[in-house]
Amino acid sequence: MGLSSTTTVGEGIQLCVFDMRRGQHEGQEHDKILFFFPADCHLSLQLSVIGLSEGLITFMRMFSPEAACDVIEAERHFHAFYQAEPDIWMVMVVDKNKESEAVWRCDALRAVLKEAHSLFLMFYGSVRNLLEKQPGGELARTHLYSFIMDFLTDFLNGKKLQLPSFRDCLRERGTVQMLTIGRDVAIEVQSLVTILESSCLGNTTCHSLVLFQDLLVSTTLSPDDTVNLFTYALLRLTPHALSSGTNSWSYLRRGTGGSNIAADSFLAKNGSTLGELQYTSHDTSPGRQDPRHNTLRPLQRDKWSKGRDGFLVTDIWGSEAGGMVPITPTIWLQQTEERMYLCIYQHKNLTIILLVPVSSLINGEQGIFLVKQQFLENASQKILKVEQRLTKGWGGENAYHVSGYRYLLLDSDRNISRASPPGKVTTLTKESLHALNKLREEVDIEKSRAKSDFPDSDKDLEVCIRAKNNAWAIARITRGKELYMVLEKASETLLYASDAVEKFSDRYCDGAFSLD
């Protein structure tokens with residue numbers, strides 16, 4: 001059942017969401033199931049997987065009451081756990097096999113679960129709130145099903161579901177990639193941001209994100225909210241995302257040119273059994289609706305388009321005036337738990353996301369119309385100038401390539417990453433990638449131990465591994481920053497490899513990873 005680049009959709013992977021507070025009485029165990037993939041799994045198998053997961057979580061709490069269960073590696077399976085909310089768990093079970101491509105890093109699998117939940121929170125609010133709003137669970141199940149199934153379509157490679165593997169070890173989910181700009185351009189950008197903040201009516205301040213190509217230029221949001229909106233922008237909003245069939249050099253654009261047809265087939269196959277297997281057998285209450293009817297699906301493909309005024313439009317959130325006027329999308333900010341209107345303006349390769357507090361507009365869509373009008377009047381000329389300056393200084397998709405190095409640089413405090421371009425990473429041999437993936441697994445374990453033993457302090461760490469092909473895989477961690485690197489053309493001596501890392505740190509990281 002192994003899932004890899006040569007595996008068919010749904011094979012070798014099970015993904016579930018369940019509530020440990022529900023289904024406590026005999027005969028009601030199915031009530032704890034909020035989502036299960038594949039949807040056509042028999043109810044008895046769903047209960048078996050969730051029962052085993054719940055047992056492992058409870059067992060691990062006996063030894064580590066304060067730290068949630070992260071990963072269990074058995075002889076035939078990986079179990080990746082993510083406690084999304086109190087007593088709300090997401091679990092991914094992946095079968096092991098002997099195929100060379102089927103090598104995963106457990107923290108990378110957990111990052112997929114975390115990303116799914118973070119995006120879900122942004123659009124729907126917490127799962128617990130949905131369960132409290134509708135105690136029967138139909139509302140939560142409906143939203144979880146439609147959202148996660150749309151989310152999984154971005155992992156389709158042709159007709160196959162492809163999880164992050166060892167080939168993705170120089171990428172980091174849950175981070176943003178920043179555009180480096182000079183001082184003069186930064187002043188222009190800040191001037192634009194000031195104008196954006198004043199676009200709201202009255203004394204209310206708007207929030208904003210500014211992206212160029214698939215890179216973040218500016219944000220006024222918290223790091224977590226920035227990551228969520230940045231991720232959604234790369235998946236559905238940027239010029240690359242709007243160009244159907246166009247591949248982006250950003251690793252977050254996982255789909256391929258033919259993936260839309262495959263996605264439709266994937267959803268049709270897995271959606272046809274939803275009511276029969278997951279809902280009809282669980283819910284016999286009167287008035288139950290089809291879980292796919294009138295459900296908000298913000299991750300649907302090909303639902304955004306650019307209007308004549310430069311603002312992106314979509315009918316995902318519904319429409320007014322007899323279907324002629326799309327309703328402005330809304331999201332929830334994680335830090336403030338505030339509901340915001342989502343307005344996206346695009347000029348060439350510049351994407352501006354303007355967030356307007358819902359509470360600041362009494363007349364809803366009419367207020368948004370006035371905000372957009374004021375935005376165009378005040379910011380149009382500055383937008384043209386900023387786009388021109390950014391385009392002039394843009395070095396292309398290989399702008400952050402460093403000859404001789406394949407690297408990943410992380411700032412975990414700010415959720416920022418920078419890495420070698422994906423096209424350059426593909427030049428690495430399989431042996432080098434396997435070595436770095438193994439290295440990252442060891443570092444993940446050490447970081448987890450350090451966090452448990454010394455929660456208030458960062459651990460400095462340096463690890464070097466010599467691969468079978470004589471390449472060096474190197475990791476350095478210090479003061480919340482992490483550097484991972486592969487050197488395939490380095491000398492046989494560790495001293496040479498260490499010196500290469502020092503040169504990289506001094507030149508590109510302001511000496512953050514230097515040993516002096």
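Going from atom CG of L130 over to atom CG of L139 covers 5.0 Å, rounded to the nearest 0.5 Å. To the nearest 0.5 Å, atoms CD1 (I13) and NE2 (H77) are separated by 12.5 Å. In this structure, L483 CG and I474 CD1 are separated by 8.5 Å, a value rounded to the nearest 0.5 Å. How far OG1 of T330 is from CG of L342: 8.5 Å, rounded to the nearest 0.5 Å. Taking CD of E482 as the start and CD1 of I477 as the end, the distance is 4.5 Å to the nearest 0.5 Å. The line from CG of D411 to SG of C509 is 10.5 Å long, rounded to the nearest 0.5 Å.
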Any chance you could lay out the salt bridge (charged side-chain N to carboxylate O under 4.0 Å, His left out) test for D154 and R301, step after step, and finish with the verdict? CA-CA 9 Å; D154 279 289; R301 292 171 173 269; 3.4 Å; yes

R76 and D95: CA distance, side-chain angles, deciding distance, side chain to side chain contact (heavy atoms under 4.5 Å, CB included) verdict: CA-CA 6 Å; R76 297 182 179 181; D95 289 2; over 6 Å; no

Could you go step by step and tell me if V193 and S208 meet the side chain to side chain contact (heavy atoms under 4.5 Å, CB included) rule? CA-CA 7 Å; V193 171; S208 66; 4.2 Å; yes

For M485 and Y405, run side chain to side chain contact (heavy atoms under 4.5 Å, CB included): C-alpha distance rounded to whole Å, both residues' side-chain angles, the deciding distance at 0.1 Å, then the answer. CA-CA 7 Å; M485 184 176 293; Y405 295 87; 3.3 Å; yes

Stepwise, does the side chain to side chain contact (heavy atoms under 4.5 Å, CB included) test hold for L433 with V103? CA-CA 10 Å; L433 291 169; V103 179; over 6 Å; no

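With sequence neighbours excluded, the residues forming a salt bridge (Lys or Arg N to Asp or Glu O under 4.0 Å) with R440 are E172, listed by chain and number. Looking at residues two or more places apart in sequence or on another chain, you find no side chain to side chain donor-acceptor pair (under 3.5 Å) involving E442. Applying the side chain to side chain donor-acceptor pair (under 3.5 Å) rule to T220 yields the partners H207; only residues at least two apart in sequence or on another chain are considered. Partners of D510 under the side chain to side chain donor-acceptor pair (under 3.5 Å) rule, at least two apart in sequence or in another chain, do not exist in this structure. Here E85 pairs with nothing under the salt bridge (Lys or Arg N to Asp or Glu O under 4.0 Å) rule; sequence neighbours left out. Applying the side chain to side chain contact (heavy atoms under 4.5 Å, CB included) criterion to P223, with sequence neighbours excluded, gives N415. Residues passing the salt bridge (Lys or Arg N to Asp or Glu O under 4.0 Å) test with K114, sequence neighbours excluded: none. A search for salt bridge (Lys or Arg N to Asp or Glu O under 4.0 Å) contacts involving D444 returns R105, not counting sequence neighbours. By the disulfide (SG to SG under 2.5 Å) test, C169 is found to be paired with no residue, residues two or more places apart in sequence or in another chain being considered. The side chain to side chain donor-acceptor pair (under 3.5 Å) search around N129 returns S126, not counting sequence neighbours.
In this structure, the side chains of L234 and L211 come closer than 4.5 Å at one or more pairs of heavy atoms. At a threshold of 4.5 Å between non-hydrogen side-chain atoms, the residues L229 and L221 count as touching. You'll find the side chain of E441 stays beyond 4.5 Å of the side chain of V71, heavy atoms only. Here the side chains of W104 and V94 are in contact, with some heavy-atom distance below 4.5 Å. Counting only heavy atoms from C-beta outward, the side chains of M122 and Q334 never approach each other to under 4.5 Å. At least one side-chain heavy atom of M92 sits under 4.5 Å from a side-chain heavy atom of V112. You'll find the side chain of Q177 stays beyond 4.5 Å of the side chain of D214, heavy atoms only. With contacts defined as side-chain heavy-atom distances shorter than 4.5 Å, the pair V49/F36 qualifies.
Evaluated for a side-chain contact (heavy atoms from CB on, under 4.5 Å) with L196, the options I353, L355, T205, I352 yield exactly one hit, I352.
Here the side chain of T314 pairs a donor or acceptor atom with the backbone of K303 at under 3.5 angstrom. At distances below 3.5 Å, at least one donor-acceptor pair connects side-chain atoms of S420 with backbone N or O atoms of Y407. The closest donor-acceptor contact from the side chain of Y341 to the backbone of L361 lies at 3.5 Å or more, if one exists at all. Checking side-chain atoms of E338 against main-chain N and O of P357 turns up no donor-acceptor pair under 3.5 Å. Judged purely by atom type and a 3.5 angstrom limit, R110 uses its side chain to pair as donor or acceptor with the backbone of F81. Using a distance-only test at 3.5 Å, with no hydrogens or angles considered, a donor-acceptor pair links the side chain of H42 to the main chain of S44. Judged by distance alone, the side chain of R418 and the main-chain N or O of Y400 form no donor-acceptor pair under 3.5 Å. K438 places no side-chain N or O within donor-acceptor distance of the main-chain N or O of I465, the cut-off being under 3.5 Å. Proximity of a side-chain donor or acceptor of S505 to a complementary backbone N or O of F513 within less than 3.5 Å is detected. Side-chain atoms of S432 do not come within 3.5 Å of backbone N or O of L428 as any donor-acceptor pair.
Between the side chains of T142 and T295, no donor-acceptor pair of N or O atoms lies under 3.5 Å.
A pairwise comparison of heavy atoms in C69 and M60 identifies SG-CG, 3.9 Å as the closest pair. Across every non-hydrogen atom of R236 and P298, the tightest pair is CG-O, 4.5 Å. Heavy-atom minimum distance, S165 versus N437: O-OD1, 4.4 Å. Smallest separation of non-hydrogen atoms from T238 and T351: CA-OG1, 4.1 Å. Here the closest heavy-atom approach between residue F35 and residue L144 is recorded as CD1-O, 4.0 Å. When every heavy atom of D460 is checked against every heavy atom of R479, the shortest pair comes out as OD1-N, 3.5 Å.
Within a 6.0 Å radius of CD in E337, other residues, nucleotides and ligands contribute 12 heavy atoms or fewer. More than 12 non-hydrogen atoms from other residues, nucleotides or ligands lie less than 6.0 angstrom from NZ of K447.
Aromatic ring centres of Y145 and F37: separated by at least 6.0 Å.
Identified under the salt bridge (charged side-chain N to carboxylate O under 4.0 Å, His left out) test for residues 15-28, with sequence neighbours left out: D19-R128, R21-D87, R22-D31. Legend: salt bridge (charged side-chain N to carboxylate O under 4.0 Å, His left out) pairs involving residues 219-235, not counting sequence neighbours: none detected.
The residues E138 and R141 are annotated as not salt-bridged, no charged nitrogen and carboxylate oxygen being separated by less than 4.0 angstrom.
Between F166 and H434, the ring-plane angle classifies as parallel under the 30° and 60° cut-offs.
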